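Below is one structure, written out as structure tokens; the observations come after it.
Everything quoted here is computed from the prediction, not taken from an experiment. For reference, positions follow the sequence shown, starting with 1.
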Amino acid sequence: MINLRFEELGLSAEIQKAVADLGFIESTPIQSQAIPIIMEGKDVLGMAQTGTGKTAAFGIPLLEKVDVLTKKTQALVLCPTRELAVQISEEFKKFSKYIPDLQITTIFGGDSYERQFRELKRNPQIVVGTPGRVIDHLQRQTLKVEHIQTVILDEADEMLNMGFREDIELVLQGMPAERQTLLFSATMSSDILSIAKTYQNHPVQVQIARKEVTASTIEQFYFPVRSEQKVEAMCRLIEFYNLQLMLVFCNTKAQVDELVDELQGRGIGAEGLHGDMKQSQRTMVMGRFKSSRVQVLVATDVAARGIDVSGVDAVFNYDVPQDPEYYVHRIGRTGRAGKLGMSFTFVSGRDRYRLMDIERFAKIKIKRGDIPDKQSIINKRKENLVTMVKQEALESGDLKQYDDVISRLIAENIEPRQVLAALFKLYMGDLGRNLSDIDFSQDERKRSTDSKYGEKDNKFGKDRFSKDKYNDRDSGGKYGREKERGFGDKDRERSSYKDKEKRPKMTRLFVSVGKRDRISHADIVGAFASKTGMRGRDIGEIDIMENFSFVEIPAHLAQEVVDVMHQNTIKGKKASVEISAK
Ligand code: ADP
Ligand code: MG
């Protein structure tokens with residue numbers, strides 16, 4: 001099917017103009033197919049991979065439908081994360097740039113109720129939100145449903161993965177029966193079909209075949225590397241390909257934090273994004289990445305889900321994703337808008353089986369790549385230096401100011417070659433700085449005869465290296481020495497977080513101790529873990545206020561935990577612990 005141009009879609013002049021301002025010319029396949037059907041008022045079940053323009057596919061017809069003269073909430077968009085909610089609203093605002101009087105409100109957990117109450121009171125025509133907070137406002141009746149005519153579920157698969165099924169159903173049950181329901185998802189599943197069957201009215205299925213979209217504009221490589229060599233491998237690839245903006249995916253939050261530390265330690269502008277971070281922090285990090293002030297964004301799948309940043313040169317799969325589906329989502333963040341992107345996947349131990357699953361699933365062939373050797377990086381540095389100096393010599397206007405310095409050095413009988421070399425050394429440091437002596441090709445050969453290592457490597461999920469190993473390397477320590485020392489199983493166990501991202505449904509507890517009691521996150525995690533036997537990592541967000549705190553724990557444990565913790569002590573202080581009222 002040929003993709004329609006936006007003029008051919010029968011849109012209003014206002015929207016056509018806004019879309020043209022965004023530089024969109026042709027609609028994407030999902031847009032071409034879904035927009036006309038949605039505009040007819042039909043329910044749509046839309047399936048297309050990340051990065052295919054689903055937001056506009058439902059957003060444009062929604063904006064055409066909404067009546068700006070009626071100051072009532074007419075549409076609700078549900079999506080899995082706060083980032084996504086904000087992104088969808090922003091995208092809607094761009095499309096509706098020439099539609100005055102349209103109000104869009106975003107509601108999500110972890111954000112002040114005050115703003116949300118205030119904005120909802122004004123009856124915004126469109127509300128975009130995450131399931132938990134939407135239910136909250138429905139129960140408080142601060143979100144009015146009477147005039148809602150359109151309900152959209154975006155990233156439905158991810159909402160289900162995150163355990164929002166009940167919430168989604170609750171929301172849908174609370175909506176007027178007479179409505180248009182649009183369900184969008186990157187993948188199909190029996191759960192999605194069952195939701196569609198129950199809550200949609202004869203939906204038209206619009207499905208864009210995966211292979212049409214597995215971007216041919218992404219060059220995909222994998223590299224067999226040992227866990228503890230991934231950072232070095234990554235840094236070499238960054239330099240070799242001169243990458244400017246990168247997204248790096250890890251499977252756990254702990255790995256995100258650790259990698260960010262490693263990269264920062266090497267002077268790379270890296271920041272992390274994961275679910276444990278405060279909303280304000282996440283927003284800030286995203287802003288810095290979008291404006292390229294942060295070069296490397298390290299994220300977990302869930303935190304990065306749906307996030308759209310243009311100009312990403314490469315996606316690194318620092319860890320092979322647990323689910324083949326995620327691979328496709330991850331790499332879809334690069335190679336957008338016809339630009340070439342690259343994806344690099346680090347494979348260690350049994351990961352290679354997962355890699356085969358991915359290839360089967362996505363019907364692609366991931367090429368094996370080689371990590372550039374130390375000398376190639378040094379050559380690259382030399383090359384860059386020549387380019388930089390040439391450019392500066394030709395283009396910089398105020399070189400004369402150094403004439404005097406040059407004359408003095410020459411007067412002291414220092415050769416011009418020596419002067420230059422000294423300057424380079426001052427500017428660059430050692431040409432081989434930050435490069436270890438790992439020979440990846442050698443290493444691989446050795447490894448393939450040592451399958452035991454590979455298996456062990458994987459059993460514990462994430463490996464980590466302790467900080468002192470790092471320091472060793474910085475001070476010229478060799479990997480050889482590290483090998484001798486071996487990698488303690490303890491080190492591994494400590495970080496064997498598994499699937500931490502797939503959180504169950506969470507409940508917020510009210511805890512009557514706060515800042516004034518000098519309570520820290522660690523105190524709360526410590527008390528909960530030791531007294532209830534739950535694992536620290538099962539505890540979700542902790543918000544410590546002046547006089548009390550909120551602690552998120554898995555909903556199914558809530559009552560039990562309250563029974564144990566209520567009137568128990570936290571940091572020596574007796575606390576009441578209750579399920580926080582909605
Ligand atoms: P999805 O929700 O399917 O992951 P998005 O809606 O986030 O995808 O769109 C991905 C990117 O493509 C966004 O930057 C969006 O602005 C851009 N985009 C969407 N539609 C078009 C189009 N028709 N032409 C050019 N770019 C588009
Ligand atoms: Mg999307």
Looking only at heavy atoms, what is the nearest atom pair of D157 and A186, with distance? OD2-N, 3.4 Å
How close do T106 and S89 get, counting heavy atoms only, and between which atoms? OG1-OG, 2.9 Å
Heavy-atom distance under 4.5 Å between the side chains of D301 and H329, does that happen here? no
List the steps, then state whether side-chain contact (heavy atoms from CB on, under 4.5 Å) holds for D437 with K374. CA-CA 7 Å; D437 285 328; K374 188 172 170 180; 2.8 Å; yes
If you define the side chain from C-beta out and look only at heavy atoms, does anything of Y327 sit under 4.5 Å from I364? yes
Can you list the steps and then say if V285 with L297 is a side-chain contact (heavy atoms from CB on, under 4.5 Å)? CA-CA 8 Å; V285 169; L297 185 68; 3.4 Å; yes
Presence of salt bridge, E219 and K367, under 4.0 angstrom: yes
Which atom names give the shortest non-hydrogen contact between M342 and Y241, and what distance separates them? CE-CE2, 3.6 Å
Any chance you could measure F184, atom CZ, to T52, atom OG1, to the nearest 0.5 Å? 9.5 Å
Donor-acceptor pair, S436 side chain versus I438 backbone, under 3.5 Å? yes
I358 vs P321 side-chain heavy atoms within contact, under 4.5 Å: yes
For Q49, does its backbone N or O pair with a side-chain atom of K54 as donor and acceptor, under 3.5 Å? yes
Regarding T387 and N384, do their side chains bring together a donor and an acceptor under 3.5 Å, going by distance alone? no
Could you walk me through whether D191 and R165 satisfy the salt bridge (Lys or Arg N to Asp or Glu O under 4.0 Å) test, starting with their C-alpha distance in whole Å, then the side-chain angles of each, then the deciding distance to 0.1 Å, before giving a yes or no? CA-CA 9 Å; D191 280 349; R165 172 145 192 179; 3.1 Å; yes
Identified ring-ring contact (aromatic ring centres under 6.0 Å, His included) counterpart of F223 within the set F240, F316, F344: F344
Verify the neighbour count for atom CZ of F424: are there more than 12 heavy atoms of other residues, nucleotides or ligands below 6.0 Å? yes
Taking the side chain from R288 and the backbone from V294, do they hold a donor-acceptor pair closer than 3.5 Å? no
Is there a donor-acceptor contact under 3.5 Å from the side chain of S32 to the main chain of L4? yes
Output yes when K94 and E90 qualify as a salt bridge under the 4.0 Å nitrogen-oxygen rule, no when they do not. no
I192 backbone acceptor or donor facing S189 side chain under 3.5 Å: yes
Would a distance-only check, ignoring hydrogens and angles, find a side-chain to backbone donor-acceptor pair under 3.5 Å from E158 to E155? no
Testing the 3.5 Å rule here: is there a donor-acceptor pair between the side chains of E383 and N379? no
Considering only heavy atoms from C-beta outward, does the side chain of V328 approach that of T50 to under 4.5 Å? no
Looking only at atom types and distance, does a side-chain atom of N251 sit under 3.5 Å from a main-chain N or O of V320, one as donor and one as acceptor? yes
Without swapping roles, check the side chain of Q31 against the backbone of T28 for a donor-acceptor pair under 3.5 Å. yes
Do E228 and R226 meet the salt-bridge criterion of a basic N to acidic O distance under 4.0 Å? yes
Audit row: V231, Y318, side-chain contact (heavy atoms from CB on, under 4.5 Å) steps and yes/no: CA-CA 9 Å; V231 178; Y318 192 83; 3.3 Å; yes
Step by step, would you call C79 with Q87 a side-chain contact (heavy atoms from CB on, under 4.5 Å)? CA-CA 10 Å; C79 63; Q87 195 168 296; over 6 Å; no
Which pair of non-hydrogen atoms, one from T334 and one from G341, has the smallest distance, and what is that distance? OG1-CA, 3.2 Å
Can you find a pair of side-chain heavy atoms, one from L237 and one from F346, that are under 4.5 Å apart? yes
For P80 and F164, work out which heavy atoms get closest and say how close. O-CE1, 3.6 Å
Passes side-chain hydrogen bond (donor to acceptor under 3.5 Å, both in side chains), T300 versus H274? Steps please. CA-CA 6 Å; T300 55; H274 61 56; over 6 Å; no
Can you list everything that forms a salt bridge (Lys or Arg N to Asp or Glu O under 4.0 Å) with K97? Sequence neighbours excluded, please. D21
Heavy-atom donor-acceptor pair, S343 side chain to V315 backbone, under 3.5 Å: no
Determine whether K390 and V386 make a side-chain contact, defined as any pair of heavy atoms from C-beta on separated by less than 4.5 Å. yes
Taking atom CZ of R433 as the centre, does the number of heavy atoms from other residues, nucleotides or ligands within less than 6.0 Å exceed 12? yes
Atom CG of L245 and atom CZ of F289: how far apart are they, to the nearest 0.5 Å? 4.0 Å
d(L273 CG, M284 CE) to nearest 0.5 Å is 12.0 Å
Is the shortest side-chain N to carboxylate O distance from R354 to D357 below 4.0 Å? no
About how many Å separate NE2 of H521 and CD of E541, when rounded to the nearest 0.5 Å? 8.5 Å
Between atom CG of L153 and atom CG of L183, what is the distance when rounded to the nearest 0.5 Å? 4.5 Å
Heavy-atom check, side chain of L435 versus side chain of R236, under 4.5 Å: yes
Lys/Arg N to Asp/Glu carboxylate O, E359 vs R352, below 4.0 Å: no
Check the surroundings of atom CD1 in I25: do more than 12 heavy atoms from other residues, nucleotides or ligands lie under 6.0 Å from it? no
More than 12 foreign heavy atoms under 6.0 Å from CD of Q401: is that the case here? yes
Run the salt-bridge test on R266 and E239 with the 4.0 Å N-O cut-off and return the result as yes or no. no
Given 3.5 Å as the limit, does a donor-acceptor pair link the side chain of D373 with the main chain of S376, or not? yes
Could you measure the distance from the CD atom of Q244 to the CD1 atom of I238? Nearest 0.5 Å is fine. 10.0 Å
With a 4.5 Å heavy-atom cut-off, do N434 and C235 have their side chains touching? no
If every non-hydrogen atom of R82 is compared with every non-hydrogen atom of G109, which pair is closest and at what distance? NH1-O, 3.5 Å
